[in-house]
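Okay, so here's the structure we're looking at.
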Amino acid sequence: MSVGRRRWAVQGYRRQSVKDKVAIVTGASRGIGRTMAIGLAEDGFSVALIARSGDALAEVAGAIERAGGAARVIPLDVSRHEGIQRAVSSVQDEFGRIDLLFNNAGIGTGGSLEVPVEEFERTLSVNLTAAFCFLQAVVPIMKEQGHGTVINVASLAGKVGFAGYGAYGASKFGLVGLGESLFRELSPAGIKVMTLCPSWVDTDMARLSGLPPQEMIQTEDLLKTVRWFLSLSPAACVRELMIECRSEIY
Ligand code: NAP
């Protein structure tokens with residue numbers, strides 16, 4: 001482990017004030033996850049921040065703490081699946097509960113059959129298998145609690161097959177299918193599972209779209225969507241939400 005990584009790992013295990021609710025946000029270092037982590041902290045969640053970049057996570061944690069919130073930095077490459085159970089257990093040990101999993105870490109792979117098999121497998125590993133491993137680790141805790149919310153971030157590319165995005169689409173269709181099964185399985189147990197399927201969102205990943213920022217969904221739109229979803233009564237379950245850009249309606 002490099003000195004930098006060890007420093008953040010130590011900070012990651014620093015005990016901080018415990019808020020009422022606890023969220024795990026994967027892919028929290030930038031883009032959708034960053035906005036979500038900061039917004040959830042504003043709403044009273046203690047937030048466990050997961051991504052590879054410890055420095056970027058520390059910046060997000062700093063923003064949360066300066067606003068009076070609580071955050072914990074857990075640098076992790078989610079394609080190293082063996083680290084996921086450990087990370088989730090450490091959150092549970094420290095906070096004693098997990099109310100929300102925002103299963104969001106992902107990579108945007110361009111290409112279909114021309115993609116080397118290693119890159120195809122890496123896309124599945126980060127976008128699908130890692131999300132599966134987080135669910136495997138978190139859902140038993142939520143079952144024990146008798147409640148919990150999971151939001152899987154798929155994509156419109158998980159509902160529509162786009163030319164030139166076969167590898168990415170395969171990973172996101174897989175996540176949509178997993179989410180639909182779990183929605184049916186877990187809703188009766190009081191665990192809400194919702195899959196977000198946005199079109200282009202104004203983040204680093206969407207630079208290749210060529211769309212100007214004002215023609216894309218804003219990360220704040222997804223935060224507002226999540227806030228709405230979390231405000232629903234316990235019996236109201238939402239399986240899936242598709243959000244599209246006005247200039248790219250399919
Ligand atoms: P982004 O700005 O590129 O952020 C991706 C996040 O995932 C970063 O925090 C990144 O952190 C993390 N990540 C990537 N690989 C990782 C790994 N191996 N281990 C741990 N963390 C990893 O993209 P975004 O737009 O916010 O994307 C978030 C999610 O939304 C993704 O699942 C994406 O597929 C989905 N989505 C995006 C769009 C869009 O147009 N932007 C549309 C639909 C769905 P590190 O690099 O620090 O690890």
Side-chain angles (χ1 to χ4, degrees), residues 4-5 8 12 24-39 47-61 73-84 86-88 101-110 119 121-134 150-160 162 165 167-176 178-179 194-213 215-223 225-226 240-245 247-248 250:
R5 287 187 72 79
W8 294 124
I24 293 177
V25 177
T26 73
S29 59
R30 58 178 191 272
I32 295 168
R34 181 183 191 280
T35 297
M36 205 58 60
I38 292 172
V47 188
L49 308 168
I50 295 180
R52 287 167 302 183
S53 164
D55 287 343
L57 290 179
E59 184 276 322
V60 177
V73 168
I74 305 179
L76 178 70
D77 180 341
V78 300
S79 70
R80 296 173 184 261
H81 303 137
E82 67 284 356
I84 292 176
R86 221 172 21 250
V88 170
L101 169 63
F102 192 73
N103 220 357
N104 165 75
I107 51 174
T109 305
E119 201 181 332
E121 285 181 339
R122 176 155 179 81
T123 306
L124 294 184
S125 172
V126 175
N127 292 0
L128 179 57
T129 312
F132 169 81
C133 293
F134 272 101
V150 174
I151 299 173
N152 294 316
V153 182
S155 170
L156 191 62
K159 300 298 295 177
V160 178
F162 293 102
Y165 289 94
Y168 183 71
S171 70
K172 295 299 188 179
F173 266 73
L175 188 55
V176 168
L178 177 62
M194 194 261 274
T195 304
L196 270 179
C197 298
S199 177
W200 294 110
V201 184
D202 182 17
T203 70
D204 292 348
M205 193 182 284
R207 298 295 162 249
L208 67 151
S209 72
L211 283 179
E215 289 302 325
M216 289 193 248
I217 299 158
Q218 300 302 303
T219 58
E220 290 75 14
D221 293 322
L222 299 184
L223 174 60
T225 303
V226 167
E240 209 169 83
L241 269 173
M242 283 196 277
I243 307 179
E244 302 194 39
C245 304
S247 58
E248 300 251 319
Y250 293 93

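Here, residue 1 is the first one in the sequence, and each next residue gets the next number. In listed order, ligands and their atoms are each counted from 1.
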Taking distance alone, with no angle check, do [X] and ligand 1 share an N/O pair under 3.5 Å?
| X | answer |
| --- | --- |
| Gly33 | no |
| Val78 | yes |
| Arg30 | yes |
| Gly27 | yes |
| Ile107 | no |
| Tyr168 | yes |

From [options] - option closest to [atom] by heavy atom:
| atom | options | answer |
| --- | --- | --- |
| atom 26 (O) of ligand 1 | Leu196, Ile32, Leu156 | Ile32 |
| atom 42 (C) of ligand 1 | Ala206, Ser209, Ala130, Ser199 | Ser199 |
| atom 35 (C) of ligand 1 | Thr219, Leu222, Val153 | Val153 |

Closest non-hydrogen protein atom to [atom], residue and atom name please, with distance?
| atom | answer |
| --- | --- |
| atom 11 (O) of ligand 1 | Ser29 OG, 2.9 Å |
| atom 28 (C) of ligand 1 | Asn104 OD1, 3.2 Å |
| atom 43 (C) of ligand 1 | Pro198 O, 3.2 Å |
| atom 21 (N) of ligand 1 | Ala51 CA, 3.6 Å |
| atom 39 (C) of ligand 1 | Val201 N, 3.4 Å |
| atom 5 (C) of ligand 1 | Gly106 O, 3.7 Å |
| atom 18 (N) of ligand 1 | Asp77 OD1, 2.9 Å |
| atom 48 (O) of ligand 1 | Arg52 NE, 2.7 Å |

Practice prompt. In sequence, state the C-alpha distance, the side-chain angles, and the governing distance for Lys172 and Asn127, and then conclude on side chain to side chain contact (heavy atoms under 4.5 Å, CB included).
Written response: CA-CA 7 Å; Lys172 295 299 188 179; Asn127 292 0; 4.0 Å; yes
Report the distance from atom [atom1] of [X] to atom [atom2] of [Y], rounding to the nearest 0.5 Å.
| X | Y | atom1 | atom2 | value |
| --- | --- | --- | --- | --- |
| Leu156 | Glu248 | CG | CD | 9.5 Å |
| Asn104 | Ile32 | CG | CD1 | 5.5 Å |
| Thr35 | Leu222 | OG1 | CG | 8.5 Å |
| Leu76 | Ile74 | CG | CD1 | 8.0 Å |
| Ser247 | Trp200 | OG | CH2 | 11.5 Å |

Worksheet item: Where's the contact between Arg34 and ligand 1, heavy-atom distance under 4.0 Å: side chain, backbone, both or neither?
Response: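 Neither part.
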Worksheet item: Looking only at heavy atoms, is any part of Thr203 under 4.0 Å from ligand 1, and if so is it the side chain, the backbone, or both, or is it neither?
Response: side chain
Can you find a pair of side-chain heavy atoms, one from [X] and one from [Y], that are under 4.5 Å apart?
| X | Y | result |
| --- | --- | --- |
| Cys133 | Glu82 | no |
| Val226 | Ile151 | yes |
| Glu119 | Thr109 | yes |
| Cys245 | Glu215 | no |

Worksheet item: side chain to side chain contact (heavy atoms under 4.5 Å, CB included) between Phe134 and Val150: does it pass, once the steps are laid out?
Response: CA-CA 10 Å; Phe134 272 101; Val150 174; over 6 Å; no
Just jot down the ligand 1 atoms closer than 4.0 angstrom to any heavy atom of [X], in number order.
| X | result |
| --- | --- |
| Trp200 | 40 (O) |
| Arg122 | 18 (N) |
| Leu76 | 19 (N), 20 (C) |
| Ser53 | 47 (O) |
| Ala28 | 9 (O) |

Discussion item. Atom CE of residue position Met205 - does it have more than 12 heavy atoms of other residues, nucleotides or ligands inside 6.0 Å?
Written reply: yes
Discussion item. Taking CZ in Phe173 as the centre, count heavy atoms belonging to other residues, nucleotides or ligands within less than 6.0 Å. Is the count above 12?
Written reply: yes
Discussion item. Going by side chain to side chain contact (heavy atoms under 4.5 Å, CB included), Ile38 matches just one of Val47, Thr219, Val60, Leu49. Which one?
Written reply: Val60
Return yes when [X] approaches ligand 1 closer than 4.0 angstrom through a heavy atom, no otherwise.
| X | answer |
| --- | --- |
| Ala56 | no |
| Arg80 | no |
| Ala154 | yes |

Fill in: side chain to side chain contact (heavy atoms under 4.5 Å, CB included) between Ile107 and Arg122, worked out
CA-CA 9 Å; Ile107 51 174; Arg122 176 155 179 81; 4.1 Å; yes
Worksheet item: Step by step, would you call Thr225 with Leu196 a side chain to side chain contact (heavy atoms under 4.5 Å, CB included)?
Response: CA-CA 9 Å; Thr225 303; Leu196 270 179; 4.1 Å; yes
